[in-house]
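What follows is a short report on a single structure.
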Amino acid sequence: MTRELGVGIIGCGNISTTYFSLAPLFKGLKVLACADINVQAAEARAKEYGVKAQTIDELLVNDEIDVVVNLTIPDAHFRVSRAILEAGKHVYSEKPLVLSLEEGEELRRIAKEKNLAVGCAPDTFLGGAHQLARKFIDDGGIGRVTSGACYVMSPGMEMWHPNPDFFFLPGGGPILDLGPYYIANLINLIGPVKRVGGMTSMASPTRTITSQPRNGEIIPVKTPTTIQALLEFVNGATVTLTASWDVWSHRHANMELYGTDGSLYVPDPNFFGGVVEASGRDKDIKPLDDWEHPFGKINQESPSGSRANYRTAGLADMAMSLIEGRDARCSLDRTLHGVDVMTSILKSGEEGRFIDLTTTCTQPAALGIEEAQALLK
């Protein structure tokens, strides 16, 4: 098989700049074209990054394109990914892959029938910090993981996003928007989930946009904005997850895991880097010795400071898995299990009962230093 796959991008909004700018870091990828329902948006991105602007229909029949990246809004993910598969091309989607398990199973059916691959973000669990945490757990650093607590909380998205409407509609909300980062990392660190319970609420039926250019506009809220969940893992561990856009400030850590021999403190799963800390039975919390993981190195400046950003690593890993004939780390099975976890949490909140999951998956293969280096040009 070819050592490089032609890549097309559908959806040229805010997140597309990340894929356009970071894809050149990786082997196996060559971005050739982009499309958007807004033709001007596609033309602007094409000019900015030196690729071809096409209509969606043109991109789907472009013989140079092997894999299409779906960066549309969550409510369109299923329709667009299905069209990509039906056009005979592999698909890699932004999270969440779909908004229901039934939609995900339909994508699985088409992919299997056509011998195509489906992958999905988030890929931040491939970052240097989270792979260091994975190695520490795998090496027995805290013994057997028995429990944990995760928090991702803020006042909301309407304060910075120019068009935040979809965040507050079905398919949005903090559990489907930010939960994927936490759940993907928990699967990476602990494995699959067995059952979940959840309580859900919203602080207000409307939100007032304070970002530009729509400052002052009021938008409806039609999905829970505070979710408190309990996850029971196949290995017996129980982890609490709180995701909220109704919190102005807090002092909770992003992710803590507790084991039979110690505790592990994991940085924000929304990012690739950060400091990993741990304690043993002596309760002395110390940073783990840093390692030279390629996806933990600072490579970007942002308004919030320097950071490691290697988004597109999951797409590159999927491309190389197709070339090398191996399992992709951001695979359909793991992504669909994550969808099952999130939608079951919301269902539990609606119905007031624990929900047994109907999907499962394996832990992704660890991505050590050599494996990460092999993905980079």
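We count residues from 1, following the sequence as given. These values consider heavy atoms only, across backbone and side chains, with no hydrogens, waters or symmetry-generated copies.
- Judged by distance alone, the side chain of K347 and the main-chain N or O of I355 form no donor-acceptor pair under 3.5 Å.
- Side-chain contact between P174 and I227 is present, with heavy atoms from C-beta onward closer than 4.5 Å.
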Audit row: L132, D289, side chain to side chain contact (heavy atoms under 4.5 Å, CB included) steps and yes/no: CA-CA 9 Å; L132 177 58; D289 291 338; over 6 Å; no

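- Classification of D165 and R214 as a salt-bridged pair holds, one side-chain N sitting under 4.0 Å from a carboxylate O.
- Checked against salt bridge (charged side-chain N to carboxylate O under 4.0 Å, His left out), E58 has no partners two or more places apart in sequence or in another chain.
- Remark: the backbone N or O of A41 is not paired with any side-chain donor or acceptor of D36 at under 3.5 angstrom.
- Other residues sharing a hydrophobic cluster with W248 under the 4.5 Å side-chain heavy-atom criterion for ILVMFWY residues are M159.
- Side-chain contact between P267 and N254 is absent, with no heavy-atom pair separated by less than 4.5 Å.
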Hey, can you pull the donor-acceptor pairs under 3.5 Å for the side chains in residues 77-87, sequence neighbours left out?
{"unit_1": "H77", "atom_1": "ND1", "unit_2": "E94", "atom_2": "O", "d": "3.4"}
{"unit_1": "H77", "atom_1": "ND1", "unit_2": "P96", "atom_2": "O", "d": "2.5"}
{"unit_1": "H77", "atom_1": "NE2", "unit_2": "T72", "atom_2": "O", "d": "2.7"}
{"unit_1": "R79", "atom_1": "NH1", "unit_2": "D75", "atom_2": "O", "d": "3.1"}
{"unit_1": "S81", "atom_1": "OG", "unit_2": "N70", "atom_2": "ND2", "d": "3.0"}
{"unit_1": "S81", "atom_1": "OG", "unit_2": "H77", "atom_2": "O", "d": "3.1"}

Stepwise side chain to side chain contact (heavy atoms under 4.5 Å, CB included) test for K297 and E292: CA-CA 8 Å; K297 295 180 179 178; E292 294 299 313; 3.7 Å; yes

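- Interatomic distance, N38 CG to E43 CD, rounded to the nearest 0.5 Å: 9.0 Å.
- A side-chain donor-acceptor contact under 3.5 Å links E371 to the backbone of G368.
- L375 and D317 get closest at one heavy-atom pair: CD2-CA, 3.9 Å.
- By the 4.5 Å heavy-atom criterion applied to side chains, L186 and L257 are counted as neighbours.
- Among pairs with a residue in residues 163-214, those fulfilling ring pair (Phe, Tyr, Trp, His ring centres under 6.0 Å) read H161-F166, H161-F167, F167-W245, F168-W245, at least two apart in sequence or across chains.
- At most 12 non-hydrogen atoms from other residues, nucleotides or ligands lie less than 6.0 angstrom from CG of N115.
- Side chain of K95 to backbone of D177: a donor-acceptor contact under 3.5 angstrom is found.
- For the salt bridge (charged side-chain N to carboxylate O under 4.0 Å, His left out) with D261, the qualifying choice from K283, R144, R281 is R281, the only one to do so.
- In this structure, Q212 places its CD atom where more than 12 heavy-atom neighbours from other residues, nucleotides or ligands lie under 6.0 Å away.
- Applying the ring-ring contact (aromatic ring centres under 6.0 Å, His included) criterion to F136, with sequence neighbours excluded, gives no partner residue.
- Residues V67 and L315 meet the side-chain proximity criterion, which asks for heavy atoms closer than 4.5 Å.
- Considering only residues two or more places apart in sequence or on other chains, H337 meets the ring-ring contact (aromatic ring centres under 6.0 Å, His included) condition with none of them.
- Listed by chain and residue number, E158, D246 satisfy the salt bridge (charged side-chain N to carboxylate O under 4.0 Å, His left out) test with R207 (two or more places apart in sequence, or in another chain).
- A donor-acceptor pair under 3.5 Å is absent between the side-chain atoms of E256 and the main chain of G148, judged by distance alone.
- Listed here is the closest heavy atom pair of P364 and R134: O-NH1, 3.0 Å.
- Rounding to the nearest 0.5 Å places CZ of F233 at 10.0 Å from CG of L357.
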Just do the side chain to side chain contact (heavy atoms under 4.5 Å, CB included) check on C150 and V239 with the steps written out, would you? CA-CA 7 Å; C150 305; V239 175; 3.9 Å; yes

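- Summarising the geometry, atom CG belonging to L332 is positioned 11.0 Å from atom OG belonging to S93; distances are rounded to the nearest 0.5 Å.
- Considering only residues two or more places apart in sequence or on other chains, K52 meets the side-chain hydrogen bond (donor to acceptor under 3.5 Å, both in side chains) condition with none of them.
- Here the shortest heavy-atom pairing between L99 and T343 reads O-CG2, 3.6 Å.
- Distance alone, capped at 3.5 Å, places no donor-acceptor pair between the R45 side chain and the A35 backbone.
- In this structure, the side chain of R334 engages the main chain of R329 through a donor-acceptor pair within 3.5 Å.
- Summarising the hydrophobic clusters (Ile, Leu, Val, Met, Phe, Trp, Tyr; side-chain heavy atoms under 4.5 Å, direct or chained), the residues clustered with I298 are none.
- Counting only heavy atoms from C-beta outward, the side chains of C361 and L336 never approach each other to under 4.5 Å.
- Residue A278 comes nearest to L264 through the heavy atom pair CB-CD1, 3.9 Å, listed as atom of the first residue, atom of the second, then distance.
- In this structure, T146 contributes its side chain and T260 its backbone to no donor-acceptor pair below 3.5 Å.
- Remark: Y151 engages H252 in a ring-ring contact (aromatic ring centres under 6.0 Å, His included) (not counting sequence neighbours).
- In terms of heavy atoms, H293 sits closest to L367 at NE2-O, 2.8 Å.
- Scanning all heavy atoms of the two residues, the minimum distance from P74 to G171 falls at CB-O, 3.8 Å.
- You'll find the side chain of V341 reaches within 4.5 Å of the side chain of V196, heavy atoms only.
- No side-chain donor-acceptor contact under 3.5 Å links N309 to the backbone of Q300.
- Distance check, rounded to the nearest 0.5 Å: CD1 of I175 to OG1 of T223 gives 10.0 Å.
- The number of heavy atoms from other shown groups lying within 6.0 Å of CG (N215) is above 12.
- Proximity of K112 to V118: side-chain heavy atoms (C-beta onward) are nowhere separated by under 4.5 Å.
- The pair D123-R311 does not meet the salt-bridge criterion, since no charged nitrogen lies less than 4.0 angstrom from a carboxylate oxygen.
- Take L376 and apply the side-chain contact (heavy atoms from CB on, under 4.5 Å) test, not counting sequence neighbours, and it matches L25, F26, P294, F295.
- Other members of the cluster containing I285 are Y265, with ILVMFWY side chains joined at under 4.5 Å, either directly or via other members.
- Rounded to the nearest 0.5 Å, atoms SG (C34) and CD (E48) are 10.0 Å apart.
- Looking at M255 and L189, their side chains come closer than 4.5 Å, going by heavy atoms from C-beta outward.
- Under a 3.5 Å cut-off, the side chain of T206 and the backbone N or O of P220 do not form any donor-acceptor pair.
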